[in-house]
Amino acid sequence: MSKSKNFLSAIVDEDLKSGKYTEVITRFPPEPNGFPHIGHAKSIFINFGIAREYNGHCNLRMDDTNPTKEDTKYVEALKDAVEWLGYDWGKNVKFTSDYFPKIYDYAIELIKMGKAYVDSLPEEDIREYRGTVTTAGKRSKYAERSVEENLDLFERMKKGEFKDGEHILRAKIDMTAANMKMRDPLLYRIRHVHHFRAGDEWAIYPMYDFAHCLSDYIEGVSHSICTLEFENNRDVYNWVLDELGLKSPRPYQHEFARLGINYTVMSKRKLLELVEGGQVSGWDDPRLPTIAGYKRRGYTPESILNFCDTIGIAKANSMVDVSQLEFCIRDDLNTKVPRVMCVLDPLKVTIVNYDGEEEIDASYYPHDVPKEGSRSLPFSREIYIERDDFNENPPKGYFRLTPEQPVRLKHAYIISCKEVIKDASGKITEIKAEYFADSKSGSDTSGIKVKSAIHWVSAGSAKEVEVRIYDRLFSAEAPEGIEDINPDSFEVIKNALIEPAVINQKPDERYQFERQGYFYADPIDYTDAKPVFNKIVGLKDSWSKKTNVTAAKSPAKKVQVDGEEVAMSEEQKSLFDKYTVDLGLNSEVANILARDTYLSSFYEEALNILNSPVSLANIVVNEVAREIKEKEASALKFNTKQIAELVKIVDDGTISSKIAKQVFEEMVKTGNNPTQIVEDKGLVQISDPAKISPIIDEIIEKNPDNVAKFKAGNTKLLGFFVGQVLKSTGGKANPKVVNELVAQKLK
RNA sequence: UGGGGAUUCGCCAAGUGGUAAGGCACCAGCUUUUGGUGCUGGCAUUCACAGGUUCGAAUCCUGUAUCCCCAUCCA
């Protein structure tokens, strides 16, 4: 993984360090109801990657709790994807359905504890009773059923005595919870359908919220990593595990942002639409962001993995630029793959002063790729070049063949154009050219300067091949549906001409077609009789970029809308006036205090002990406020008297405000008196310039570069020097004194 | 009228009170028998916005804005 830790690795580090877990177990838990795509690759990379990084293990688990949607063909696709990316799930693939008996037992346990009940409300009522995001729900009358009745009903549900939808099992949590997921979530539903693995054994199937956390627990998972949309489900996850009193270590859930890539769609639903609607040729259509699609197109697992690594892992919804992916595949293939010549749009060139034939030994790799290998390249009087490598009326900066400008045939001779032959419609059909016999590549004595070398094939020996050119499937950056499909996303070139070695010798499956891009021998349609190549990705092309000048879009800076703060009540207003007028607090601080009754009473109490209104207010608003935000006021370990004391020793210069924060943190933790803490830890401020001065000298001596930069005008560096001094004194140096001294010394 | 997340360059993304990392993209220059690659340099006086605390704030406090998720017997 990358050098800077992502937040998940940081959590794992922390958990290992604190001894919460001794082993890291993760899992990749897809539902087998669709083909895996590059978003899954990200999840695979994270889950298997973390397991690998910490010498742990990652399970591949099929989350198959919904028999109406899932199928074994998807299981295979999922296994393929994980394998292709180079990960090992160990002996067996796991299935949630393997745990159905255990999960059932846990349900019984919850019922016995009175924490779950069988509800018999019709579906619409259940929805209605749930309430809305802004209004509380209400509990079903069936929630009052006795444990015995629930047990009996649940067993009969299992036996299949009821029809689908007649009853459900749900957790008894809180129908008024602000988190909708906690309003008595469903645990089990009746489904009289065949399960692709469990067969017809079960008439009831557990819901995600119940099955997932328990499956994690059963497997001994330590870190249950999922995407952001499950954040609300975390409360249920914890509730189930906590209520069941499962012995630790038990898993905890952590969420990251799912992958979005522009010009593509990632949702299973939209992918399915494309496949079923015939917009693409199947799940492995090379334009699809499915693993099967990338594989078919010719992407390497390394490139996908590297992509997953470079995009990082975070909690902000993001849309990664496809160019990032394209970079990864080019970067991977650049050092791996042989270069060969293939003409996609042939233009015949007859070299009038050349007779006979010769074989040129040409390296497969350019000078900067440290690989060995070459092939024999036939050269003859009749060759083909790319149609757009000749131009009768060249634009400025055109480096290729023109009536006036000679060009080198890559690995061969320099030619110049003598005659342009056109058909009746004016289309160029042939070029008559002359070659320079002494210009052969490697032994050029001609002294002719050319601007570029172009690719070509010899007419007599070139092989005809099919080349499939793929472009992005959508033309919209954030495609909505099929209306955004790029009509030019697929083009077949039936009669491209390729040099013979590629077909006869087959040095590799992937090639760079010189000056064009990377191509892959299609794993399915390629035959010796009819070779087929897929374009993986084009080379970077700074020439076409120059010619297609697209209007530079100047993204309008988004305007910030400013809202209004809610108005103060009468009492708050009078308190505010008192604070600003009588006590001289600034309006911001007074505002915060006046609006919070707990804070203001805390403040006034402290003010009775120490008459230092401004300092006291600042610390109450900035530090105390944070603590009461996080904890119940009653759980606070410090009191007003101690805060007053803290402020006093800051006011009188015993400690700096920087140290005060440190002391405050200690008070929060231990409840000790500030003076005591200062004494115990020896935190008394050093203000004597005679003591500070030598430290500054030392720092200055150690950082000559930064001294030079500072003197050159980089005044931001003042903070650097002050920081260093503070650091070496454990924060005890008086920052004001340090600042003055440093500024003086560096003048 | 609720709850939960998020916001650092065009796109990703580090950074958790002391010099705003890195990659992609982009722009120059050099190298080059691929208009490729490689190399060098340029790309955030500023971290959604407005205040406050502090010697010092992307980081702490307050408020505001914007986006995403939650009312499937889906996962």
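Below, all heavy atoms of this structure are taken into account, side chains as well, without hydrogens, waters or symmetry copies. This is a predicted model, so every value here is computed, not measured.
- Residue contacts for A:Gly442: at a heavy-atom cut-off of 4.0 Å it reaches a base atom on one of the strands shown.
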Could you encode protein contacts along nucleotides 68-75 of chain B as a string, one character per nucleotide from 5' to 3', using B for base contact, S for sugar-phosphate-only contact and - for no contact, with a heavy-atom cut-off of under 4.0 Å? SBBBSBBB
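- Counting any heavy atom pair closer than 4.0 Å across all strands shown, A:Glu565 reaches sugar-phosphate atoms only and no base atom.
- Note on A:Asp541: only backbone sugar-phosphate atoms sit closer than 4.0 angstrom, heavy atoms only; bases stay farther off.
- Applying the ring pair (Phe, Tyr, Trp, His ring centres under 6.0 Å) test between A:Tyr188 and each of A:Phe162, A:Phe154, A:Tyr205 identifies A:Phe154 as the sole match.
- An OP1 or OP2 oxygen of B:rU45 is reached within less than 4.0 angstrom by no side-chain nitrogen or oxygen of A:Lys716.
- Side-chain contact, A:Thr547 with A:Ser544: no donor N or O sits under 3.5 Å from an acceptor N or O.
- Checked by distance alone, A:Asn714 brings no side-chain donor or acceptor within 3.5 Å of a matching partner on the base of B:rU19.
- Closest-nucleotide positions on RNA chain B for A:Ala316 and A:Ser443 were compared, and the one nearer the 5' end corresponds to A:Ala316.
- Between A:Tyr364 and A:Tyr511, a ring centre-to-centre spacing not shorter than 6.0 Å is recorded.
- Residue-to-nucleotide contacts include no donor-acceptor pair under 3.5 Å from the side chain of A:Glu255 to the base of B:rG5.
- Side chain A:Arg330 to base B:rG36: no donor-acceptor pair is found below 3.5 Å.
- Residues passing the ring pair (Phe, Tyr, Trp, His ring centres under 6.0 Å) test with A:His411: none are found, sequence neighbours excluded.
- In the interface, the side chain of A:Arg408 is paired with the base of B:rU33 through a donor and an acceptor atom under 3.5 Å apart.
- Heavy-atom contacts from other residues, nucleotides or ligands closer than 6.0 Å to CZ of A:Arg258 number 12 or fewer.
- A:Lys711 is linked by a side chain to side chain donor-acceptor pair (under 3.5 Å) to nothing, counting only residues two or more places apart in sequence or in another chain.
- Side-chain atoms of A:Ser657 and base atoms of B:rU54 include no donor and acceptor less than 3.5 Å apart.
- In this structure a side-chain-to-backbone donor-acceptor pair under 3.5 Å is missing from A:Gln253 to A:Ile225.
- Remark: ring of A:Phe399 stacked against base of B:rG35; centroid gap under 5.5 Å, plane tilt under 30°.
- For A:Asp368 and B:rG36, a side-chain-to-base donor-acceptor distance below 3.5 Å is present, hydrogens and geometry of angles not being considered.
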